[in-house]
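Have a look at the structure below, then the notes.
For clarity, every value in this text was computed on a predicted model and none was experimentally measured. Lettering of chains follows the sequences in order, A, B, ..., and the numbering in each one begins at 1.
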Amino acid sequence: MAVIGEETEPAATGLPQSVVMASTPASLQSPQQLAEEVSRKRELRLMKNRKAAKECRRRKREYVRCLETRLTMLEVQNKKLIDELNYLKEIYSGISS
DNA sequence: ATTTTAGTACGTCATTTAGC
DNA sequence: GCTAAATGACGTACTAAAAT
């Protein structure tokens, strides 16, 4: 499987931790915290996609079931129509001869 | 009894689609 | 254009049925 892009670590700022933390979007956290954040986000994403995939397959199965049901109904209907056609042909051939 | 085969559901990654 | 959700594609694990 393809490797996901490496997270590039922010260069050390040399600033006191308090200053760094005070002004902090995710970019300036300890590498530890950053790594945890990344892996947390990944787990969350995988979880969501897992759920989505299940739902997607469920809908697909349902869709196929509907098609199969419809197919069965149409086959029955087709058979009836063929029978009716043959019956009418029968009658007509009797009349026209 | 065991191996092989075919069918099924699942998780993940890559790509597409839809809504903002 | 960006993001989250939906879907396609692929590999894996499990199981029941068939072949040996």
Side-chain angles (χ1 to χ4, degrees):
Chain A
M1 290 291 155
V3 174
I4 312 294
E6 303 284 316
E7 287 295 322
T8 52
E9 287 189 10
T13 59
L15 294 172
Q17 190 70 1
S18 59
V19 173
V20 174
M21 293 305 285
S23 60
T24 307
S27 52
L28 320 167
Q29 291 177 334
S30 79
Q32 267 278 17
Q33 288 172 306
L34 193 64
E36 257 178 50
E37 177 77 359
V38 166
S39 113
R40 229 195 71 246
K41 282 187 176 177
R42 172 183 155 81
E43 285 309 313
L44 192 65
R45 184 168 50 76
L46 290 182
M47 216 181 78
K48 280 185 179 177
N49 187 244
R50 200 178 306 141
K51 189 176 174 184
K54 274 184 188 171
E55 184 58 20
C56 181
R57 289 182 190 118
R58 192 194 61 75
R59 280 196 298 268
K60 191 170 185 175
R61 281 194 298 272
E62 185 58 27
Y63 173 70
V64 169
R65 260 198 293 276
C66 283
L67 285 184
E68 287 170 344
T69 299
R70 183 165 154 73
L71 172 63
T72 305
M73 285 167 42
L74 288 174
E75 281 172 344
V76 168
Q77 184 181 10
N78 193 44
K79 187 176 183 317
K80 283 182 182 173
L81 288 171
I82 288 174
D83 287 349
E84 186 180 350
L85 177 61
N86 287 333
Y87 172 66
L88 292 174
K89 277 183 180 172
E90 196 70 23
I91 291 177
Y92 181 71
S93 70
I95 291 175
S96 65
S97 62

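Looking at the side chain of A:R42, the nearest of the listed nucleotides C:dG8, B:dC13, B:dG11 is B:dC13. Distance from the side chain of A:K54 is smallest for B:dG11 among the nucleotides C:dT7, B:dC13, B:dG11. You'll find that the side chain of A:N49 is closest to B:dA14, out of B:dG11, B:dA14, B:dA9.
Rounded to an integer number of Å, the gap from A:R50 CZ to C:dA5 P is 15 Å. Per the geometry, CD belonging to A:E62 stands 14 Å off P belonging to C:dT7, to the nearest Å. Taking atom NZ on A:K51 and atom C1' on B:dT12, their separation rounds to 18 Å, with Å as the unit. Separating the CZ atom of A:R58 from the C1' atom of C:dA6 is a distance of 14 Å, rounded to the nearest angstrom. If you take CG of A:L46 and C1' of B:dC10, they are 13 Å apart, rounded to a whole angstrom. When the C1' atom of B:dT8 is taken as reference, atom CZ of A:R65 falls 13 Å away, rounded to whole Å. What separates CZ of A:R45 from C1' of C:dA5 is a distance of 13 Å, to the nearest Å.
Checked by distance alone, A:R57 brings no side-chain donor or acceptor within 3.5 Å of a matching partner on the base of C:dG8.
In this structure, A:Q32 CD and A:L34 CG are separated by 10.5 Å, a value rounded to the nearest 0.5 Å. Atoms CG and CZ, on A:L67 and A:R70 in that order, are 8.5 Å from each other to the nearest 0.5 Å. Here A:L46 contributes atom CG and A:E43 contributes atom CD; the two are 5.5 Å apart, rounded to the nearest 0.5 Å.
Using a cutoff of 4.0 Å between basic side-chain nitrogens and carboxylate oxygens, A:R65 and A:E68 are not scored as salt-bridged.
Backbone-only contact: A:R59 has heavy atoms under 4.0 Å from sugar-phosphate atoms and none from a base.
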